[in-house]
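Read the structure below first, then the notes.
Given the structure is predicted, the values throughout are model-derived calculations rather than measurements. Just so we're on the same page: letters track the sequence lines, and every chain starts at 1.
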2 protein chains.
Amino acid sequence: MTHISDLHNQWLENPEYRATYDALEEEFTLATALIEARSRAGLTQGELAERMQTTQSVVARLEGGHVMPTTRTLEKIAKATGSRLKISFEPDAAHT
Amino acid sequence: MTHISDLHNQWLENPEYRATYDALEEEFTLATALIEARSRAGLTQGELAERMQTTQSVVARLEGGHVMPTTRTLEKIAKATGSRLKISFEPDAAHT
DNA sequence: GTTATTTATAGCATATATGCTATAAATTGG
DNA sequence: CCAATTTATAGCATATATGCTATAAATAAC
């Protein structure tokens, strides 16, 4: 069974992949969070799309992590999955 | 002294405002979070803009809550303010 | 293994966020 | 007050997310 995080760990050993890791991380975690929210709501992509007033292909694209969605889209997802969207900037100890 | 949350509470009594409250809430809280992150970092809009590779007017627009930014922009803000971006969909008890 | 269901990809038009310059408005320091 | 700094707004070009249809690929049900 190939889970996305397995791929993730596997790819970590590829230097070229590591180079772009920072930029991709958010897309990975966001896509994962989205998939989890949809699972929790027990919806198919098509059903979620309907509640978001869009189409299944749009949801697939979002879950594929191929875009950096707007907060407008994130809000629609939250509402459609019975979730509450939370966005925060947490002080990063490592940086400060 | 006019704080954004004061205006918020004040406007809550205006019915017309209440009608669009849901759609605006996220912009309010996000803008507030952004302003806080910048304050924490001790940066002016111009300085933050420079670190984000953009201009002061763009930061002003974001903080004004007049746009629903992409996660790409949120990531830039996080990095520039020494923060870590967190996005999550939390199960909403009230809905379920 | 065949069918039905679900998910992923492609390609294009449209909407919206971003990037930018200039300038106004507001705030701060003296 | 005045000057300097900071923040807000306007307007336009560009980049990117979204909306859409169609179809392929993968999974699940039987």
Side-chain angles (χ1 to χ4, degrees), chain A residues 1-8 20 23-24 26-81 85 87 89, chain B residues 1-8 20 23-24 26-81 85 87 89:
Chain A
M1 185 250 197
T2 304
H3 189 275
I4 190 171
S5 56
D6 296 335
L7 281 177
H8 192 62
T20 56
L24 289 176
E26 186 56 34
E27 285 163 298
F28 265 112
T29 60
L30 181 57
T32 303
L34 166 49
I35 293 172
E36 281 177 13
R38 180 167 67 84
S39 293
R40 213 159 40 219
L43 300 171
T44 66
Q45 289 184 348
E47 289 167 336
L48 174 57
E50 193 176 6
R51 295 195 185 189
M52 288 173 63
Q53 316 240 56
T54 184
T55 57
Q56 176 267 330
S57 67
V58 170
V59 173
R61 183 168 50 197
L62 288 166
E63 292 188 355
H66 298 132
V67 288
M68 302 285 262
T70 63
T71 57
R72 181 186 314 280
T73 300
L74 298 181
E75 264 298 340
K76 281 191 196 171
I77 294 168
K79 192 163 289 188
T81 57
L85 175 64
I87 299 176
F89 299 98
Chain B
M1 186 249 199
T2 305
H3 189 275
I4 191 170
S5 56
D6 296 336
L7 280 178
H8 190 65
T20 56
L24 289 176
E26 187 54 36
E27 285 164 297
F28 265 113
T29 59
L30 180 57
T32 303
L34 167 49
I35 294 172
E36 281 177 13
R38 180 167 67 85
S39 294
R40 214 161 38 221
L43 301 171
T44 66
Q45 289 184 349
E47 289 167 336
L48 174 57
E50 194 177 5
R51 295 195 185 188
M52 287 174 65
Q53 315 241 57
T54 183
T55 57
Q56 176 268 329
S57 67
V58 170
V59 173
R61 183 169 50 197
L62 288 167
E63 291 189 356
H66 297 132
V67 289
M68 303 284 263
T70 63
T71 55
R72 182 186 313 279
T73 300
L74 298 181
E75 264 297 341
K76 282 190 194 171
I77 294 168
K79 191 162 289 187
T81 57
L85 175 64
I87 299 176
F89 300 97

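Residues A:L30 and B:F89 share a closest heavy-atom pair of CD1-CE1, 4.4 Å. In plain terms, the two heavy atoms of B:V59 and B:M52 that are nearest each other are CG2-SD, 4.3 Å. When all heavy atoms are compared, the tightest approach of B:A41 to B:T81 is CB-O, 3.8 Å.
Following rounding to the nearest Å, A:E63 (CD) and C:dT9 (P) show an atom-to-atom distance of 12 Å. Distance CD1 (B:I35) to C1' (D:dT6): 13 Å, rounded to an integer number of Å. When rounded to the nearest whole Å, the span between CG of A:L34 and P of D:dA17 equals 15 Å. Following rounding to the nearest Å, A:L74 (CG) and C:dA17 (C1') show an atom-to-atom distance of 14 Å. Per the geometry, NE2 belonging to A:H66 stands 14 Å off P belonging to D:dT18, to the nearest Å. Between A:Q45 atom CD and C:dT5 atom C1' the separation is 12 Å, expressed in whole Å. The distance from atom CZ of A:R61 to atom C1' of D:dG19 is 8 Å, rounded to the nearest whole Å. Atoms CG (B:L62) and P (D:dT9) sit 13 Å apart, rounded to a whole Å.
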Treating primed atoms plus P, OP1 and OP2 as sugar-phosphate and everything else as base, which nucleotides of nucleotides 25-30 of chain C get B, S or - for protein heavy atoms under 4.0 Å?
------
Which letters describe nucleotides 22-30 of chain D, given B = protein heavy atom under 4.0 Å from base, S = only from sugar-phosphate, - = neither?
B--------
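Projected onto DNA chain D by closest heavy-atom contact, B:E47 and B:G64 fall at different nucleotides, the more 5' of which corresponds to B:E47. Mapped onto DNA chain D by nearest heavy atom, B:A60 and B:T70 fall at different nucleotides, with B:A60 at the one closer to the 5' end.
Every side-chain contact (heavy atoms from CB on, under 4.5 Å) that B:E47 has, sequence neighbours left out, goes to B:L43, B:T44. The salt bridge (charged side-chain N to carboxylate O under 4.0 Å, His left out) check on B:R38 picks up B:E63, with sequence neighbours excluded. Taking B:T54 as the reference, nothing meets the side chain to side chain donor-acceptor pair (under 3.5 Å) condition, with sequence neighbours excluded. The side-chain contact (heavy atoms from CB on, under 4.5 Å) search around A:A60 returns A:Q45, A:Q56, not counting sequence neighbours.
A distance of 6.0 Å separates CE of A:M68 from CD of B:E75, quoted to the nearest 0.5 Å. In this structure, CG on A:L62 lies 6.5 Å from OG1 on A:T73, to the nearest 0.5 angstrom.
For the OP1/OP2 pair of C:dA17 and a distance below 4.0 Å, the side-chain nitrogens and oxygens of A:R72 include at least one atom meeting the criterion.
Near DNA chain D, meaning a heavy atom under 4.0 Å from it, residues 36-43 of chain B has B:R38 in order of number.
Using a 4.5 Å heavy-atom threshold, the side chains of B:L85 and A:I87 count as touching. Proximity of B:L74 to A:T71: side-chain heavy atoms (C-beta onward) are separated by under 4.5 Å at one or more points.
Candidate nucleotides C:dA17, D:dT6, D:dA17 were compared by shortest atom distance to the side chain of B:T44, and D:dT6 ranks first. Closest to the side chain of B:P69, from the set D:dC20, C:dT18, D:dA8, is C:dT18. Taking every side-chain heavy atom of B:K76 into account, C:dG19 is the closest of C:dA17, C:dG19, D:dG19.
If you check the side chains of A:T32 and A:T29, you find no donor sitting under 3.5 Å from an acceptor.
Residue-level contact check: A:T55 touches the bases, meaning some heavy atom is under 4.0 Å from a base atom.
Overall bending of the helix from C:dG1-D:dC30 to C:dG30-D:dC1, expressed as the angle between end axes built from five pairs apiece, is 70° (10° steps).
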